[in-house]
Amino acid sequence: MEGFNHSRVAEFVLLGLTESPELQIFLFVVFCIFYLITMLGNCLILLTVISTTHLHSPMYFLLSNLSLIDMCLSSFATPKMIVDFLAQRKTISFEGCISQIFFLHLFTGTEIVLLICMSFDRYIAICKPLHYSTIMSEQVCVGLVVTSWTVGLLHTISQLAFTLYLPFCGPNVVDSFFCDLPLVIHLACIDIYVLGIFMISTSGVIALLSFLLLLTSYIIVLVTIKHHSSTASSKALSTCTAHFIVVSMFFGPCIFIYVWPFTNFLVDKVLSVFYTIFTPFLNPLIYTLRNQDVKAAMKKKLSYQNFNIGKTAPRYPVQ
């Protein structure tokens with residue numbers, strides 16, 4: 001990376017979420033709990049889907065991949081943020097900063113496409129049930145996941161291709177708890193306002209269009225199921241409402257931050273917490289753990305483990 005920019009700074013200083021020592025200790029405890037629950041919850045879902053035969057279906061295949069992405073998304077910056085709460089001086093190397101930008105856009109880009117794929121899966125299951133098994137074949141499901149990761153990779157490469165060649169020779173203070181593209185580009189020693197705002201705003205436009213596409217799919221599903229029984233309609237409304245809340249928490253901050261970059265709103269820092277920490281935490285609760293099949297499979301696994309642990313070795317009479 002040395003060859004890209006000979007005038008660059010060696011490290012960046014992260015201001016974090018707050019400068020209050022008492023609040024930092026409180027946030028340290030809170031985010032430790034959030035991170036541990038996020039990792040354990042998503043890992044449990046992933047293992048349950050893999051080890052349970054009747055969950056080997058398109059919907060659960062996509063949900064397990066969502067859990068994998070959420071584990072990645074919650075790990076690219078959260079562990080360092082937690083450690084930084086206890087540090088006097090919060091710094092990150094130039095390479096580490098670029099790596100955070102790379103993984104942020106890789107995982108968020110992948111999750112955006114995967115959420116659209118999951119919406120497409122539910123649309124086919126409800127609106128075209130007779131053709132579901134034909135349309136959502138194993139090859140199609142694998143193709144959707146591969147496409148999600150490919151789009152995420154291409155997106156993050158396109159964002160970084162320009163950034164790596166910028167001269168970072170002076171200011172090195174990032175007003176956040178991780179490196180994000182608008183904040184880092186703003187520190188470049190040349191005027192890149194027009195080009196930078198165009199490049200970054202494309203991420204916001206993509207997020208906005210994806211959000212509108214998801215909203216449309218939810219509306220179509222609800223309109224379709226409205227003609228079924230009132231019980232099914234009520235259950236679908238409850239499920240779609242829960243899904244839409246999580247989708248809004250993920251897309252809302254992305255749209256706000258990237259559609260209007262370089263605005264330096266204080267709220268941007270808080271909004272970043274939603275799609276990097278809260279959304280990976282809530283996705284298992286909303287998308288999977290409310291599902292009866294998954295809960296039954298988990299109870300069965302846990303009961304089986306408890307049964308094996310409770311068994312004792314047979315006792316033989318002393319000779």
Checklist outcome for this item: Looking only at heavy atoms, the pair that brings M71 and C43 closest together is SD-N, 3.9 Å
Next on the checklist: Whether the side chain of T279 engages the backbone of F274 through a donor-acceptor N/O pair (distance < 3.5 Å, no angle test) should be reported.
Outcome noted: yes
Checklist entry - Going hydrophobic residue to hydrophobic residue with side-chain gaps under 4.5 angstrom, can you get from V83 over to F178? => result no
Checklist entry - Under a single-linkage definition using a 4.5 Å side-chain heavy-atom cutoff for Ile, Leu, Val, Met, Phe, Trp and Tyr, are I157 and L181 assigned to the same hydrophobic cluster? => result yes
Next on the checklist: Please verify the inter-ring angle class for F34 with F278; under 30° counts as parallel, over 60° as perpendicular, anything in between as tilted.
Outcome noted: tilted
Next on the checklist: Are there over 12 heavy-atom neighbours, none belonging to H131, within less than 6.0 Å of that residue's NE2?
Outcome noted: no
Checklist outcome for this item: residues 101-120 vs ring-ring contact (aromatic ring centres under 6.0 Å, His included), sequence neighbours excluded, gives F103-F107, H105-H155, H105-Y258
Next on the checklist: Rounded to the nearest 0.5 Å, what separates atom CG in D70 from atom CD1 in I277?
Outcome noted: 12.5 Å
Next on the checklist: Are the side chains of F168 and T163 in contact, using a 4.5 Å heavy-atom criterion?
Outcome noted: yes
Checklist entry - Roughly how far, to the nearest 0.5 Å, is CG of L62 from CG of D121? => result 5.5 Å
Item to check | Side chain to side chain, S119 and L115, heavy atoms closer than 4.5 Å | outcome: no
Next on the checklist: Do L282 and M39 sit in one hydrophobic cluster, given that two such residues count as connected whenever their side-chain heavy atoms are within less than 4.5 Å of each other, even indirectly?
Outcome noted: yes
Next on the checklist: Do N283 and L63 make a side-chain contact, defined as non-hydrogen atoms from C-beta onward lying under 4.5 Å apart?
Outcome noted: no
Checklist entry - Residues in side-chain hydrogen bond (donor to acceptor under 3.5 Å, both in side chains) with S75, at least two apart? => result Y35
Next on the checklist: Could you report the tightest heavy-atom contact between C179 and V184, atom names first, then the distance?
Outcome noted: CB-CG2, 3.9 Å
Checklist entry - Say you draw a straight line from OG of S217 to CG of L212; how long is it, rounded to the nearest 0.5 Å? => result 11.0 Å
Item to check | Pairwise side-chain contact, Q159 with I101, heavy-atom cut-off 4.5 Å (strictly under) | outcome: no
Checklist entry - Between the main-chain N or O of T38 and the side-chain N or O of N42, is there a donor-acceptor pair closer than 3.5 Å? => result yes
Next on the checklist: Consider side-chain contact (heavy atoms from CB on, under 4.5 Å). Of L14, V273, D84, which one does F177 pass it with?
Outcome noted: V273
Check residues 142-154 and write down every donor-acceptor pair under 3.5 Å in which the side-chain atom is one partner and the other belongs to a residue at least two apart or another chain.
unit_1	atom_1	unit_2	atom_2	d
T147	OG1	G143	O	2.6
S148	OG	L144	O	2.8
T150	OG1	V146	O	2.7

Next on the checklist: Please evaluate residues T108 and L73 with respect to the criterion side-chain contact (heavy atoms from CB on, under 4.5 Å), reporting the C-alpha separation (whole Å), side-chain torsions for both, the decisive distance (0.1 Å), and the verdict.
Outcome noted: CA-CA 7 Å; T108 53; L73 183 59; 3.8 Å; yes
Checklist entry - According to a 4.5 Å side-chain heavy-atom criterion applied to Ile, Leu, Val, Met, Phe, Trp and Tyr, with indirect links allowed, do L40 and L68 form part of one hydrophobic cluster? => result no
Checklist entry - Taking C-beta and beyond as the side chain, do T78 and M81 meet within less than 4.5 Å on heavy atoms? => result yes
Checklist outcome for this item: Residue set satisfying disulfide bond (SG atoms under 2.5 Å apart) with C141, at least two apart, ordered chain then number -> none
Next on the checklist: Looking at every heavy atom in both T52 and T48, which two are closest together, and how far apart are they?
Outcome noted: OG1-O, 2.7 Å
Distance-only donor-acceptor pairs under 3.5 Å for side chains of residues 15-31, two or more places apart:
unit_1	atom_1	unit_2	atom_2	d
T18	OG1	S20	N	3.2
S20	OG	E22	OE1	3.3
S20	OG	L23	N	3.4
Q24	OE1	K90	NZ	3.3
Q24	NE2	T18	O	3.4

Item to check | Closest contact, heavy atoms only, R89 versus V13 | outcome: NH2-CG2, 3.8 Å
Checklist entry - What's the spacing between Q88 CD and L86 CG if we round to 0.5 Å? => result 10.0 Å
Checklist entry - So how far is it from S99 OG to L104 CG, rounded to the nearest 0.5 Å? => result 12.0 Å
Checklist entry - Are L209 and V113 grouped together when hydrophobic residues (ILVMFWY) are joined by side-chain heavy atoms under 4.5 angstrom apart? => result no
Item to check | All disulfide bond (SG atoms under 2.5 Å apart) counterparts of C32, not counting sequence neighbours | outcome: none
Checklist entry - Atom CG of L183 and atom CG of L187: how far apart are they, to the nearest 0.5 Å? => result 7.5 Å
Checklist outcome for this item: Between A207 and F251, the two heavy atoms sitting closest are O-CD2, 3.3 Å
Next on the checklist: Please check if the number of heavy atoms outside E11 that lie under 6.0 Å from its CD is greater than 12.
Outcome noted: yes
Checklist entry - Can we call the ring centroids of F250 and F211 under 6.0 Å apart? => result no
Checklist entry - Going by heavy atoms in the side chains, are Q100 and F76 under 4.5 Å from each other? => result yes
Item to check | Minimal non-hydrogen separation, I50 against H56, with atom names | outcome: O-NE2, 3.0 Å
